[in-house]
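Working notes, structure below.
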Amino acid sequence: MHRWSAGSRTTPTAPASRARSRTNITTSPESRPPYVDSSISQFLRMSPDVPRVTCGALTAADVGRAVELNGWVHRRRDHGGLIFIDLRDWTGLTQLVFNPATNDTQSAVFRQAEELRSEFVVGVRGIVQKRPAGTENPKLATGEIEVAVESIRVENESKTPPFVVASDDEPAEDVRLQYRYLDLRRPRMQRNLRMRHTIVKAIRDYFDEHDFVEIETPNLIKSTPEGARDYLVPSRVHRGTFYALPQSPQILKQILMIGGMGRYMQIARCFRDEDPRADRQPEFTQVDVEMTFVEQDDVLRMMEGCVRYVWRRALGAVIPDPLPRLTYAEAMTRYGSDKPDLRFGLDLVDVDDLFRGGAFGLFASLAESNDNRIVAVRWPGGAALSRRDFDAVTELAKQFGAKGLAYVTFAPDGVKGSIARFVDDALAAALRAETRAEDGDALLFVGDARGAASDVAGKLRLEIGDRLGLRKPEDFAFCWVSGFPLFEKDPETGEITFSHHPFTSPAPGQEALFDSDPLAITAQHYDLVLNGYELGSGSIRNHTVEFQRKVFRRLGLGDEQIEDRFGFFMEALAYGAPPHGGMALGIDRIVMLACGESSIRDVIAFPKNQMARDLMMDAPSTVPDQALRDLGLRIVQPAPVT
RNA sequence: GGUCUCGUAGCGCAGUGGAAGCGCAACUCUCUGUCGAGGAGAAGGCGCGGGUUCGAUUCCCGCCGGGACCGCCA
């Protein structure tokens, strides 16, 4: 519970995301609220002779002191002759009391208090007093005391807010985004943005201690092909030409390495013109890192040291040392994902051998080819589910891309389920031995082409984990995934393309495969994964111009295209580029998971919605014709739909 | 570009082919120990367009808007 929270009201239908947002977070030393704020200008003070204190700091030790507070009216409880006001600032709540024992109800200060409304901004001067016995509020950090107000000054009034800031009821997200400044006043958002600050500061401190230098790179850069869609900025000076906003500082940080900077980091804003998701925004923030004269293992150790440091500083959590490492192949086999959620087991189990030559014709034939895979996913307690439940899960599997879903249940009275009639005692025993299924469990089976079967089974595994409550937001399971292929085949065009980016180097000694079997090359590329989210990826880069050119050519770029788009970079590589590698981690996702949130929009002050619009500013918007003329641009309306 | 889902009062939510409801907020009155204060009263609404129907907030279609996901995201 956040220290601000005055109430613990829970709605029975509260969505999981809101429940998660109340995850207990250890307060870091950096975010402890100050007690006295002496930095306020005199003219804002009501009585310079008494200290100005924050709303979250007063305790029983302060009883009897005269103090001054500033803040927002959080809630007002008017008993007629007795008025309570919860005063809020960024540190917490303090109860103000207007009591005729000290204030005549006809007094000016009492009449002022009667006029106060939610979100009014006030300054008060008063005496800290102990609350009468039995009226303390243990839910409030300042619940032992209250401030008897002697004088009050209304700094600003407020229109009636569109939603109640002081309420746990969460308005629809479009309303929150339109009135973001009100949403930001809520304790949850205050906590999230403070957590973000704490994490970013810890990141900077960590890399500073390891002799990294933070270097800014430009946001108006050259568009390079491939990858995501660029955001383009038209040039006024050079009509008809465009800057691109960086999808990441990738090439620039490599050039910093060529520039001899040794160890670089940056909290960098990145821009990609692709459709947003709960964990994706058109602009987002990465901690971007690059080092010279390193091998893959050096980068992994440095980066996992960073997340361990961050989690310790920001959350007081201990992260394993070293982090578990998986190969891409292992991750796909055991978890059906290249970003596995390791907070729970329920590993996928291959059961091809058990069905090969068996009574179930579909699986028997699938098992004949090594290109296929038959995967079992164990569902603890699944035998208690109804036929209707399994129909729903089958429907879900189809949404995931499955052609169908087979299942069996192991109840004390025997094997049941959609393929039970094909499962004799021997097969049942073998399945239970392989999957460690117990009485009361169910097994889901996905049989398909290897990749498709893994993918669907992996998603079903996550679904089961969700339903069983195994994906706890307060658990943090990091892992490395490496050993990705350097190239992959574009499923649509059949052409060879890079899996990560074209600057990734192959594993040592695999250059020879370049012409014979490029798809077999393993990349020196690694992903850091947390709870099923890809936090970021990195690689050891190509550092010779010859090899980089070879890669570009392999990807189908002609020398002219290479020169046009990457000429400056190829030139740089040719002047003694050192071996180097690095990584970038998504700050938004890190903070989201650290806060127990399910959307990065809740850890960004001013995010865009799913249509990439800013609902508060109403961006994007049209611009005056003159602005277009200056840029040599004309808007072409899309053809009307007939 | 696609699939799913939602749109009822300022906010959060019920509900129905035949007279529109609850909680909070806001407004008036009342109330001296509350902390989701309490009591009384009054005010306020079915996203837009089309269709089916005697009748549509409800059913159908389209549009607009929010969200989740797929595509996309080197």
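Reminder, nothing fancy here: chain letters follow the sequence lines and each chain counts from 1.
Within the 4.0 angstrom heavy-atom criterion, no nucleotide atom of any strand lies near A/Asp273. Residue A/Arg117 is in sugar-phosphate contact alone, with no base atom involved, counting any heavy-atom pair closer than 4.0 Å across all strands shown. Residue contacts for A/Ser248: at a heavy-atom cut-off of 4.0 Å it reaches a base atom on one of the strands shown. Within 4.0 Å of A/Glu136, counting heavy atoms only, lies at least one base atom of the nucleic acid. Within the nucleic acid shown, A/Pro171 comes within 4.0 Å of sugar-phosphate atoms alone, with no base atom in reach, counting heavy atoms only. A/Gln610 comes within 4.0 angstrom of a base, heavy atoms only. Within 4.0 Å of A/Glu146, counting heavy atoms only, lies at least one base atom of the nucleic acid. Counting non-hydrogen atoms under 4.0 angstrom, A/Asp275 reaches a base of the nucleic acid.
For A/Thr160 and A/Gln129, each mapped to the nucleotide of RNA chain B holding its nearest heavy atom, the one lying further toward the 5' end belongs to A/Thr160. If A/Ser599 and A/Ser499 are placed on RNA chain B by their nearest nucleotide, the residue sitting closer to the 5' end is A/Ser599.
Taking atom P in both B/G10 and B/G62, one finds a spacing of 29 Å when rounded to whole Å. Comparing the same atom, C1', in B/C13 and in B/U34 gives a spacing of 27 Å after rounding to whole Å. Separating the P atom of B/C73 from that of B/C63 is a span of 27 Å, rounded to the nearest Å. Spacing of P atoms, B/U3 relative to B/G44, comes out at 41 Å, to the nearest Å. With C1' as the reference atom, B/G39 and B/C4 are 47 Å apart, rounded to whole Å. Rounded to whole Å, the separation between the P atoms of B/G15 and B/A9 comes to 15 Å. Taking the P atoms as reference points, B/U16 lies 24 Å from B/C24, given to the whole Å. Atom P of B/C60 sits at a distance of 13 Å from the matching atom of B/G17, rounded to the whole Å.
Remark: P of B/C69 and CD of A/Glu463 are 13 Å apart, rounded to the nearest angstrom. At whole-Å resolution of the value, CZ in A/Phe98 and C1' in B/G33 are 15 Å apart. To the nearest angstrom, C1' of B/G38 lies 15 Å from CD1 of A/Ile83. In this entry the distance linking CG of A/Asp527 with C1' of B/C73 reads 13 Å, nearest Å. As rounded to whole Å, 18 Å separates atom P of B/C35 from atom CD of A/Glu144. Between A/Ile600 atom CD1 and B/C73 atom P there is a gap of 17 Å when expressed in whole angstrom units.
For the pair A/Arg180/A/Pro607, a side-chain contact is recorded, criterion being any heavy-atom separation below 4.5 Å from C-beta on. Within the 4.5 Å cutoff, no side-chain heavy atoms of A/Leu87 are placed close to those of A/His74. Contact annotation: the side chain of A/Val67 never approaches that of A/Ile127 to less than 4.5 Å [non-hydrogen atoms, C-beta and beyond].
Here B/C59 sits opposite B/G51 as a Watson-Crick or G-U wobble pair (both hydrogen-bonding atom distances under 3.5 Å). In this entry B/G17 has no Watson-Crick or G-U wobble partner, no candidate having both defining distances under 3.5 Å. Look at B/G10: its Watson-Crick or wobble partner, with both distances under 3.5 angstrom, is B/C24. Searching all strands for a Watson-Crick or G-U wobble partner of B/C31 with both distances below 3.5 Å returns nothing. Nucleotide B/C4 has B/G67 as its partner under the Watson-Crick or G-U criteria, with both atom distances under 3.5 Å.
Not a single donor-acceptor contact under 3.5 angstrom links the side-chain atoms of A/Arg272 to the base of B/C73. Residue A/Arg176 places no side-chain atom within donor-acceptor reach of the base of B/C11, judged by atom type and a 3.5 Å distance cut-off alone.
Classified by interplanar angle (parallel below 30°, tilted 30° to 60°, perpendicular above 60°), the ring pair A/Tyr179/A/Tyr181 is perpendicular.
Side-chain atoms of A/Gln266 and A/Thr217 include a donor-acceptor pair closer than 3.5 Å. Side-chain contact check for A/Glu597 and A/Asn192: at least one donor-acceptor pair (N or O, by modelled atom type) lies under 3.5 Å.
Which of B/U34, B/C72, B/G66 sits closest to the side chain of A/Asp174 comes down to B/G66. The listed nucleotides are B/A26, B/G66, B/U34; the one nearest the side chain of A/Met611 is B/G66. Taking only side-chain atoms of A/Ala172, from C-beta outward, the nucleotide of B/C35, B/G12, B/A37 with the closest atom is B/G12. Distances from the side chain of A/Thr135 to the nucleotides B/A25, B/U34, B/G12 place B/U34 closest. In this structure, the nucleotide among B/A37, B/U34, B/A25 sitting nearest to the side chain of A/Arg75 is B/A37. Distances from the side chain of A/Asn609 to the nucleotides B/U34, B/A68, B/G66 place B/G66 closest. Here the side chain of A/Arg277 is nearest to one of B/A26, B/C70, B/C31, namely B/C70. The side chain of A/Arg280 sits closest to B/G71 out of B/G33, B/G12, B/G71.
Residue A/Arg76 places none of its side-chain N or O atoms closer than 4.0 Å to OP1 or OP2 of B/A37. Distances shown here put every side-chain N or O of A/Arg77 at or beyond 4.0 Å from the OP1 or OP2 atom of B/G36. A close approach under 4.0 Å does occur between a side-chain nitrogen or oxygen of A/Lys139 and OP1 or OP2 of B/G36. Distances shown here put every side-chain N or O of A/Asn99 at or beyond 4.0 Å from the OP1 or OP2 atom of B/U32.
In summary, the aromatic rings of A/Phe514 and A/Phe547 are positioned with their centroids under 6.0 Å apart. Proximity of the aromatic rings of A/Phe498 and A/Phe552 is defined here by a centroid distance below 6.0 angstrom, and this criterion is not met.
Exactly one of A/His543, A/Met570, A/Arg553 qualifies for a side-chain contact (heavy atoms from CB on, under 4.5 Å) with A/Gln548. That residue is A/Met570.
In this pair, A/His79 lays its aromatic ring flat on the base of B/A37, centres within 5.5 Å and planes under 30 degrees apart. The stacking criteria are not both satisfied for A/Phe163 over the base of B/C11, which would need a centre-to-centre distance under 5.5 angstrom and an angle between ring planes under 30 degrees.
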